[in-house]
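For reference, the structure is listed below as C-alpha cells.
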Amino acid sequence: MEILIIFLVVCSILILHNPVSEWINRLYVKRQYKSFLAQETFYHTIVSRYIRYYNRLNLEEQRKFLFRTYLFRKAKRFHYIEVSESAEMPILISAAAVQLTFGLDKYQLNYFKDIYVIKDDYHYGFYSRPFMGHVDLSGIYLSWDNFLKGIKGESPNCNVGLHEMSHALAWVNFITQTEEDKHFKKEFKNFSKVARPIFESMQHGAKNILGEYAGSNYHEFWAVSVEVFFENPIRMRHELPELFKAMSLLLRQDPSVIVNTANKIAA
C-alpha cells in the first residue's frame, strides 16, 4: 500500500510539475511587469541611444524588447573587471541578448548567471592572441571597449555582444540543455544543411562577406554569421541568400526588412 501511495505521489509530481512551473512563471512575470513600468522610460533612454535595431521596431515591439531586457538584466549577476560600472552597461549587454533571441520563446540563457565585463582585450587560457570575449562554464565574458564599438557600428560586421550571446544561445540549447527552445533546436538542423557547405568551402580558401575568422571552426562560423546577419543584412541577403534565409527562419526575424522599412519612413 505504501509503495502504491509513493508511486501515486511521484506520478502526481511529474504530471503537475510543468503546469505548476508555468503558473509560477506567469505570476512572476506579471509582478515584474509592474516594476518594469516604473523603469521603462529609463531603459528606453539608454537602449534607444545605442541600439539601432531597437529604434526600427514599432512601439509594441519596443515595449516587448525593453521588458525582456529588464527580465534578462534582473536574472544575471554582472561583474566588472578593471572597468568602472555604469548604469548603462548591464542594460546594453542584456539588450544584445534580447536582440538575438527576439523571435524566440526562450531568451533568458538561464544556465549563465554571471556576466563578466572587462575593460578591453584580455588573455584567456593558453591562447597567445587577445580575446574580445568568450563563453565558458563559468559565465559570459565581454570586453567593454569592443562591445561599445560594436553597438556604435565602428567595427564593420563586428558586434561582440551578439557574437558572445550567440555562443551562449548554442550552449544552453546543445551543451547544457538547460533552456531548450524547441523551434531553435529543430530549425538549427536545417540551418546547418545550408551553413556546413559554406563553412567547408571557406576552410578550403573560399572568400565571402563573413571573413576569414568564420572559417576557423564551425562554432565561430555560427557566431560570425549572426553578427553579419544583424550588422549587414542587405549585403548578406544579396551575397549569401540561402544562408540569410536559413538564419532568418532559425531566429524568426528578418533585419533586412526592418532596415528597408526604417529607410522608407526616413525618406
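Remember, it's a predicted structure, so these values are computed and weren't measured experimentally.
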Which is it for Asn146 and Asp121 under the side-chain hydrogen bond (donor to acceptor under 3.5 Å, both in side chains) test, yes or no, and what are the steps along the way? CA-CA 8 Å; Asn146 289 298; Asp121 292 355; 2.5 Å; yes
Establish, yes or no, whether a centroid distance under 6.0 Å links the rings of [X] and [Y].
X: Trp222; Y: Phe191; result: yes
X: His167; Y: Tyr141; result: no
X: His238; Y: Phe244; result: no

Examine Arg52 relative to Tyr54 and say whether NZ or CZ is less than 6.0 Å from the centre of the six-membered ring and inside a 45° cone about the ring axis. no
Could Lys76 and Phe72 be counted as a cation-pi pair, given that NZ or CZ must be under 6.0 Å from the ring centre and within 45° of the axis? yes
Residue pairs passing the side-chain hydrogen bond (donor to acceptor under 3.5 Å, both in side chains) test where at least one lies in residues 85-107, sequence neighbours excluded: Tyr50-Glu88
Atom NZ of Lys193: over 12 foreign heavy atoms under 6.0 Å: no
Heavy-atom count check: over 12 atoms from other residues, nucleotides or ligands less than 6.0 Å from Lys182 NZ? no
Using side-chain hydrogen bond (donor to acceptor under 3.5 Å, both in side chains) as the criterion, list what pairs up with Ser128, not counting sequence neighbours. none
For Ile209 and Glu239 the tightest heavy-atom approach is CB-OE1, 3.6 Å
Quick one: does Leu210's side chain get under 4.5 Å of Ser225's, heavy atoms only? yes
Note, Leu251 side chain near Phe230 side chain (heavy atom, < 4.5 Å): yes
Mind telling me whether Trp144 and Phe147 have parallel, tilted or perpendicular rings, with 30° and 60° as the class edges? parallel
Regarding Ser192 and Tyr218, is there a side-chain donor-to-acceptor distance under 3.5 Å anywhere? yes
